[in-house]
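Both backbone and side-chain heavy atoms feed into the values below; hydrogens, waters and symmetry mates do not. The shown structure was predicted, so the numbers you read here are calculated from the model rather than taken from an experiment.
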Amino acid sequence: MKIKAFTLILSTGLLFGITSCNKCVTCDSCPDGITLTDDAGNDVESQEICEDDASSKSEYDAGIALIEGFGCTCK
């Protein structure tokens, strides 16, 4: 009985942890003439962009694709 309860608690915790993850990428290594801008409007060398910051997953994916299209690296 103790093993079943432990397994149930552990699997519930793992499921909660996996579903609450925030997918983020760091974009940097832009070519000369291309700069990233933070929320305050300052030019930055690298910027972390998280899926939760976008209105939808498709908007997030489009934003990352646009940044990579300018030659920056997002990982």
Side-chain angles (χ1 to χ4, degrees):
M1 182 68 175
K2 289 181 182 181
I3 293 174
K4 287 183 182 180
F6 177 76
T7 304
L8 179 62
I9 292 169
L10 181 63
S11 60
T12 302
L14 286 174
L15 181 62
F16 178 74
I18 291 171
T19 58
S20 65
C21 288
N22 187 9
K23 182 179 178 187
C24 298
V25 296
T26 300
C27 297
D28 55 14
S29 302
C30 296
D32 292 338
I34 303 295
T35 57
L36 297 171
T37 307
D38 65 9
D39 293 336
N42 302 316
D43 291 345
V44 293
E45 292 290 322
S46 67
Q47 185 173 15
E48 183 178 65
I49 301 169
C50 297
E51 191 172 329
D52 287 350
D53 296 334
S55 298
S56 65
K57 180 164 176 25
S58 61
E59 182 181 282
Y60 170 79
D61 291 339
I64 299 300
L66 180 66
I67 293 170
E68 290 178 331
F70 282 111
C72 303
T73 303
C74 296
K75 49 184 168 181

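- Residue Val44 belongs to a hydrophobic cluster whose other members are Val25, Leu36, Ile49, Tyr60, Ile64, Ile67, with links defined by side-chain heavy atoms closer than 4.5 Å.
- Between Cys27 and Cys72, the sulfur-to-sulfur (SG-SG) separation does not fall under 2.5 Å.
- The CD atom of Gln47 sits 9.5 Å away from atom SG of Cys30, with the distance rounded to the nearest 0.5 Å.
- By the neighbour-count criterion of 12 heavy atoms within 6.0 Å, atom CG of Asp39 is sparsely surrounded, having that number or fewer from other residues, nucleotides or ligands.
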Query raised in the report: For Asp43 and Thr37, what are the C-alpha separation, side-chain angles and deciding distance, and is it a side chain to side chain contact (heavy atoms under 4.5 Å, CB included)?
Result: CA-CA 5 Å; Asp43 291 345; Thr37 307; 3.8 Å; yes

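- Among pairs with a residue in residues 61-73, those fulfilling side-chain hydrogen bond (donor to acceptor under 3.5 Å, both in side chains) read Lys57-Asp61, at least two apart in sequence or across chains.
- For the atom pair OG of Ser56 and CD of Glu51, the computed distance is 9.0 Å after rounding to the nearest 0.5 Å.
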